[in-house]
There are 2 protein chains.
Amino acid sequence: MRCGNPWAHQRLVAEGLRITEARRIILNILSKTSKHLSAEDIYFLVRGINPSIGFATVYRTLDLLTRMGMVQKFDFGDGKARYELIEGSRKDAHHHHLVCTKCRKIVNYTDFVDEEKELIKKTEDALAKKHRFDIKSHIIHFYGLCETCRSEDKNHNPSLGKLSM
Amino acid sequence: MRCGNPWAHQRLVAEGLRITEARRIILNILSKTSKHLSAEDIYFLVRGINPSIGFATVYRTLDLLTRMGMVQKFDFGDGKARYELIEGSRKDAHHHHLVCTKCRKIVNYTDFVDEEKELIKKTEDALAKKHRFDIKSHIIHFYGLCETCRSEDKNHNPSLGKLSM
DNA sequence: CCCCCTAATGATAATAATTCTCATTATCAT
DNA sequence: ATGATAATGAGAATTATTATCATTAGGGGG
């Protein structure tokens, strides 16, 4: 009850799920960051608060929250999934991602979301009707090279870098 | 030389890469499908053509093509990556994806891409300028429940389905 | 406030996708 | 054709994620 997030608390209770320490801690961690944490990142943060909580519980909780639609699971191209609390649970606006394919840096952006939002809404409605989907969420990722990696590329390798195997 | 895809051929040669049998076969497979093949799917198709080609080569080739920007690697939420030849190498139009989070069905859609294209282009330019990224590609995914899974949900479980662990 | 039922957990084994190693082969510039 | 070496095949190794199962703790009922 004295825990951080009344919104999240409500959602759990509404589904008949228990408010456990692990869930409280993980939700708190997610609601305090704008980084894109992997299960491992989260595990170590959780351990810093309560070292008795296990890795499996972190995975289970993230999976649960994802299935409930409170958390979005991302793959940015390195081998591990990343997790982010969804709009509504965080104060900051809905955003999309800019991913550097070389150094894996991820930039959140909220610019143009007004226009985007409108188009997304429209597209969503049309797709829902045409394909009879009940659309719950979406992701938009742009991939490219960040400034640093661009100049590195330019200096060391004018074309595409070391591609051979 | 007498292989299928002059466009792809050129890109490889331009990078000083060899045109090997495995690469030819894999490019051919990718250019003939609109499905979203996993590495394993591709491996078995490759084996049907030349059984001496190994799994590692399939992975290596897909990774190479992805790094070259000829192939896009996707994660639709099941544990495995899926690969698709990028616009330019295929005749059919650029498309985005509609993913059923329950049965994992994937629908390509090309509707609204005109409007989308314009917005994407605009966003891309602005992001490139603001964050100094060299943007190479993007993905848009919508997630939700397909018709079949929606009605199943309705019949068996009015709210969110079995969420507990 | 204590008790009980059972959802949830911790520890660890198991699984599965992807990557690495290294001896061998095949591509292609010459 | 020939040689330098990029690319490969086979399988071992790695790593993220999931399953198992005995134990613990959340929370409704007394």
Side-chain angles (χ1 to χ4, degrees), chain A residues 1-3 9-10 12-27 36-44 46-47 49-68 71 73-83 104 160 162-165, chain B residues 1-3 9-10 12-27 36-44 46-47 49-68 71 73-83 104 160 162-165:
Chain A
M1 237 26 158
R2 60 274 179 238
C3 79
H9 187 281
Q10 273 319 78
L12 289 170
V13 170
E15 292 293 333
L17 299 165
R18 293 179 179 174
I19 311 297
T20 66
E21 161 130 57
R23 288 171 183 173
R24 249 183 280 138
I25 293 176
I26 290 171
L27 279 164
H36 309 84
L37 303 174
S38 65
E40 195 184 15
D41 296 335
I42 294 167
Y43 171 66
F44 284 118
V46 167
R47 294 226 115 201
I49 297 168
N50 182 338
S52 75
I53 290 170
F55 218 144
T57 298
V58 172
Y59 270 108
R60 279 187 289 234
T61 303
L62 290 171
D63 179 56
L64 176 75
L65 296 174
T66 302
R67 280 185 291 134
M68 288 181 70
V71 160
K73 183 179 179 182
F74 290 104
D75 170 47
F76 290 117
D78 56 348
K80 56 192 73 169
R82 289 166 188 281
Y83 301 85
R104 302 285 169 206
L160 276 171
K162 184 60 180 151
L163 281 173
S164 63
M165 307 178 126
Chain B
M1 234 32 154
R2 57 275 180 240
C3 78
H9 187 282
Q10 272 321 76
L12 289 170
V13 170
E15 291 294 332
L17 299 166
R18 294 180 179 174
I19 312 297
T20 66
E21 162 130 57
R23 288 172 182 172
R24 249 183 281 137
I25 293 176
I26 291 172
L27 279 164
H36 309 86
L37 302 174
S38 66
E40 195 185 14
D41 295 336
I42 293 167
Y43 171 66
F44 283 118
V46 168
R47 292 225 116 200
I49 297 168
N50 181 339
S52 75
I53 290 169
F55 218 144
T57 297
V58 172
Y59 270 108
R60 278 187 289 233
T61 303
L62 290 170
D63 179 56
L64 176 74
L65 297 174
T66 302
R67 282 185 291 133
M68 289 181 68
V71 160
K73 183 179 178 182
F74 290 104
D75 170 45
F76 291 117
D78 56 347
K80 57 192 72 170
R82 287 163 190 282
Y83 300 85
R104 301 286 169 205
L160 276 170
K162 184 59 179 151
L163 281 173
S164 62
M165 307 176 127

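Letters A, B, ... are given to chains in the order of the sequence lines, protein chains preceding strands, and every chain is numbered from 1. Just so it is clear, the values below take in all heavy atoms, side chains as well, and ignore hydrogens, waters and symmetry mates. On a predicted model such as this, the values are computed, not experimentally measured, just so you know.
- Here the shortest heavy-atom pairing between A/Arg23 and A/Thr61 reads CG-CG2, 3.9 Å.
- The side chain of B/Ala39 has C/dT18 as its nearest neighbour among C/dT9, C/dA8, C/dT18.
- Residues A/Ile26 and A/Leu65 come closest through the heavy atom pair CG2-CD1, 4.4 Å.
- D/dT8 atom C1' lies 13 Å from atom CG of B/Leu64, rounded to whole Å.
- Among the heavy atoms of the strands lying under 4.0 Å from A/Ser52 are primed sugar atoms or P, OP1, OP2 only; no base atom is included.
- Nucleotide C/dT18 holds its C1' atom 14 Å from the CG atom of B/Asp78, rounded to whole Å.
- Pairing each heavy atom of A/Ser38 with each of A/Tyr83, the nearest pair is C-CD1, 4.4 Å.
- Rounded to whole Å, atom P of C/dT18 lies 15 Å from atom OH of B/Tyr43.
- Counting to the nearest Å, the C1' atom of C/dA8 and the CG atom of A/Leu12 are 13 Å from each other.
- The shortest heavy-atom contact between A/Ala39 and A/Val58 is O-CG1, 3.7 Å.
- Pairing each heavy atom of A/Asn50 with each of A/Glu21, the nearest pair is ND2-OE1, 3.2 Å.
- Using bins of under 30°, 30° to 60° and over 60° for the plane-to-plane angle, the ring pair B/Tyr43/B/Phe55 lands in the parallel bin.
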Check the interface with nucleotides 23-25 of chain C: list each N/O to N/O pair with the protein under 3.5 Å, or write none.
none

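- Of all heavy-atom pairs spanning A/Thr57 and A/Ala22, the tightest one is CG2-CB, 3.5 Å.
- Contact annotation: the side chain of B/Leu64 approaches that of B/Leu17 to within less than 4.5 Å [non-hydrogen atoms, C-beta and beyond].
- A straight line from NZ of A/Lys80 to C1' of D/dT14 spans 12 Å, rounded to a whole angstrom.
- Taking atom CZ of B/Phe55 as the reference point, atom C1' of D/dA10 lies 13 Å away to the nearest angstrom.
- Between the CZ atom of B/Arg23 and the C1' atom of D/dA6 there is a distance of 8 Å, rounded to whole Å.
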Do any N or O atoms of the protein come closer than 3.5 Å to N or O atoms of nucleotides 19-26 of chain D, and which pairs are they?
residue	atom	partner	partner atom	Å
D/dG26	N2	A/Arg18	NH2	2.9

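- In this model, the phosphate group of C/dT18 is approached by a side-chain N or O of B/Tyr59 to a distance below 4.0 Å at OP1 or OP2.
- Following rounding to the nearest Å, B/Arg67 (CZ) and D/dA7 (P) show an atom-to-atom distance of 10 Å.
- You'll find the side chain of A/Leu12 reaches within 4.5 Å of the side chain of A/Met68, heavy atoms only.
- At a threshold of 4.5 Å between non-hydrogen side-chain atoms, the residues A/Leu62 and A/Lys73 do not count as touching.
- Here the straight-line distance linking atom CG of A/Asp41 with atom CZ of A/Arg82 works out to 6.0 Å at 0.5 Å rounding.
- Note that the two end axes of the helix from C/dC1-D/dG30 to C/dT30-D/dA1 enclose an angle of 50°, each drawn from 5 base pairs, rounded to 10 degrees.
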